[in-house]
Amino acid sequence: MSKAKLPLKIYILIVIFLCHLLSVTYESDLYGNIFSPIVAFYSSYVIYSSVKKRAQKETDLT
């Protein structure tokens, strides 16, 4: 994952979260139930990929 892809992933996460927030605000249960796990899984993917990148980049020499 390059530095250019990280902001793109974060922008995608923000857009998906705003869609979820709008569906909850307008009390649309169907879209709220659809977007909720998508936001959760995608945010965990972004966190996992950034931690994996950091683990490869900085190795512990002790």
Side-chain angles (χ1 to χ4, degrees):
M1 181 174 69
S2 66
K3 288 185 179 181
K5 289 186 179 179
L6 183 62
L8 178 65
K9 288 182 180 181
I10 292 175
Y11 293 140
I12 291 172
L13 181 63
I14 289 171
V15 169
I16 294 171
F17 179 73
L18 288 176
C19 290
H20 177 258
L21 188 64
L22 283 173
S23 66
V24 170
T25 303
Y26 288 118
E27 297 178 357
S28 174
D29 290 334
L30 176 68
Y31 291 117
N33 290 337
I34 291 172
F35 282 121
S36 179
I38 292 173
V39 170
F41 286 127
Y42 191 75
S43 62
S44 64
Y45 166 72
V46 170
I47 292 170
Y48 174 75
S49 64
S50 65
V51 168
K52 186 177 177 184
K53 176 189 163 199
R54 180 171 289 225
Q56 291 175 351
K57 191 175 182 180
E58 300 171 0
T59 57
D60 190 14
L61 299 176
T62 58

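All residue numbers in this chain count up from 1 along the given sequence.
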Quick check: is Val15 connected to Val46 through a chain of hydrophobic side chains (ILVMFWY, heavy atoms under 4.5 Å apart)? no
To the nearest 0.5 Å, atom CZ of Phe41 lies from atom OG of Ser36 at 9.5 Å
Under 3.5 Å donor-acceptor, Ser23 side chain and His20 backbone: yes
Side-chain heavy-atom pair Lys9, Ser50 within 4.5 angstrom cut-off: no
Distance from Leu18 atom CG to Leu13 atom CG, nearest 0.5 Å? 9.5 Å
Residues Ile16 and Phe35: closest non-hydrogen pair is CG2-CD2, 4.3 Å
Nearest 0.5 Å, what's the CZ-CD1 distance between Phe17 and Ile38? 14.0 Å
As an exercise, state the distance from SG of Cys19 to CD1 of Ile34, rounded to the nearest 0.5 Å. 11.5 Å
Do other residues, nucleotides or ligands put more than 12 heavy atoms under 6.0 Å from Tyr42 OH? yes
